[in-house]
Amino acid sequence: MQMRFFFFLACCLLPFHAQAQNVIPLYPGLPPGGIAARNEETKDDGDNRRLVSEPTLTLFIPPKEKATGAAVVICPGGGYSTVVYKREGTDIADFFLKQGIAAIVVKYRLPSDKIMKDKSSGPLQDVQQAFKTVRQHAAEWNIDTNRIGIMGFSAGGHLASTAGTHFDRPVLAENAGVNLRPAFMILVYPVISMEKYLTHPGSRRNLLGENPDEDKVRYYSNDRQVTLQTPPTLLFHTEDDKVVDVDNSIAFYQALRRAHVPAEMHLYPEGDHGFVLKLQRDAWMQIIMKWLGRTGMLNADNPLLQGGTGQLY
C-alpha cells in the first residue's frame, strides 16, 4: 500500500511534456467503496480494456507555452463492459493535445459486484474523482479551472452526462464542497436514458442490474436530471444508429432546451454507431473546436477556429 501511495505522489510530480503520455492511478490504494480483488484486467489488439478494477488517468498535458488553459476529461465508451481506451480515448486526447488543450482519459472501473459495494455509482465516483484530481493540479498542468469540460462516447457518453447532471451529488462524502461541475459537455452517440424503451440494454444491465427499481432508473436517466445549472452541451449522433437509439440524444437536447441550457446537436442520416471513428479525426473534430470557440472556452485566434466548413460529409 505504501509503495503504491508513493508511486502515486511521484507520478503526480513528474514534469509533463507534449506528446508524452503519463499514466497515474486515480486513487493511492483501494478505491473507497471498493472490494479488494485480484486485478483481472485484459486488453485486446485494439487496446480495448475489459474487467477494469484499477482506475487510472492518462494525461496529455501541453507545455506551458502552448497551453490554452482549456482541458477535457474523456470517458471512452464500451457498454459499461469495455473501455475503448485507444479509439475513443487516447486517440482523441492526442488531437486535443496538439491544439494546446489538456486531455485526461479516464480508465474508469467497469461496474461489477465483485469489486464494488455499489456498482451503479462506481464509474461516476471515478469520474468525479478525476475532476477533483484535475482541479487539484490545475496550476501545475496550466489549466484554467473555469474551462474544464467532459467528453464521452456511447456508454461513456452516459457517464459524461451523468457527471454533468449529478455534479452536486458527490458519490464520496469527502468530495462534498468540491466543484465537480464540468464547464461543458461533448457527447458522441451517447446513451442518455436508462428507461427500458430507450436505453442501450447492455449498458443498463451492466450498470444497474437485471431488474433495477424505478427510482434508480430515473436517477440515471439523465434527460430527467437536466437543470438550469447543466453545462452547455454539444451532441453528435446518426439517425440510423442501431446500437444506441438517436432518441437518446434528441431527448437530452429537448431537456436542455426546456431548461434554457445552451445546446447544439449534429444529426446525420447515416453512419450507424461509432460513425465518427470511420472519419478522418482532425476533420470532424474541427466542429468541436469551433463550438468551443463559440462558447468562450478557447481563444479566438486558435487556427482551427478560422475557416473550414465544419461538415462531416
Is any side-chain N of the basic residue among Glu54 and Arg109 closer than 4.0 Å to the acidic one's carboxylate O?
no
What do you reckon, is NZ of Lys278 surrounded by more than 12 foreign heavy atoms closer than 6.0 Å?
yes
Residue among Asp91, Thr58, Asp47 satisfying side chain to side chain donor-acceptor pair (under 3.5 Å) with Tyr85:
Thr58
Check: Ser81 side chain, Gly78 main-chain N or O, donor-acceptor pair, under 3.5 Å:
yes
Does Val246 share a hydrophobic cluster with Val188, counting links as ILVMFWY side-chain heavy atoms below 4.5 Å and allowing steps through other members?
yes
Keeping to residues at least two apart or across chains, list the side chain to side chain donor-acceptor pair (under 3.5 Å) pairs with something in residues 171-189.
Glu88-Tyr189, Gln129-Asn175, Lys132-Asn175
Answer yes or no: is there an ion pair linking Asp44 with Arg49, defined by an N-O contact shorter than 4.0 Å?
no
If you take the centroid of each ring, where Trp contributes its six-membered ring, are Phe60 and Phe96 closer together than 6.0 Å?
no
Centroid separation under 6.0 Å, is that true for the rings of Phe275 and His237?
no
Passes side-chain hydrogen bond (donor to acceptor under 3.5 Å, both in side chains), Ser203 versus His158? Steps please.
CA-CA 9 Å; Ser203 295; His158 180 265; over 6 Å; no
Quick check: are there more than 12 heavy atoms from other residues, nucleotides or ligands sitting under 6.0 Å from CZ of Arg135?
yes
Just wondering, more than 12 heavy atoms not from Arg218 lying within 6.0 Å of its CZ?
no
Any chance you could pull the hydrophobic cluster mates of Tyr197, using side-chain heavy atoms under 4.5 angstrom and chaining through other members?
Leu198
Taking only residues two or more places apart in sequence, or in another chain, which ones meet Arg50 in a side chain to side chain donor-acceptor pair (under 3.5 Å)?
Thr82
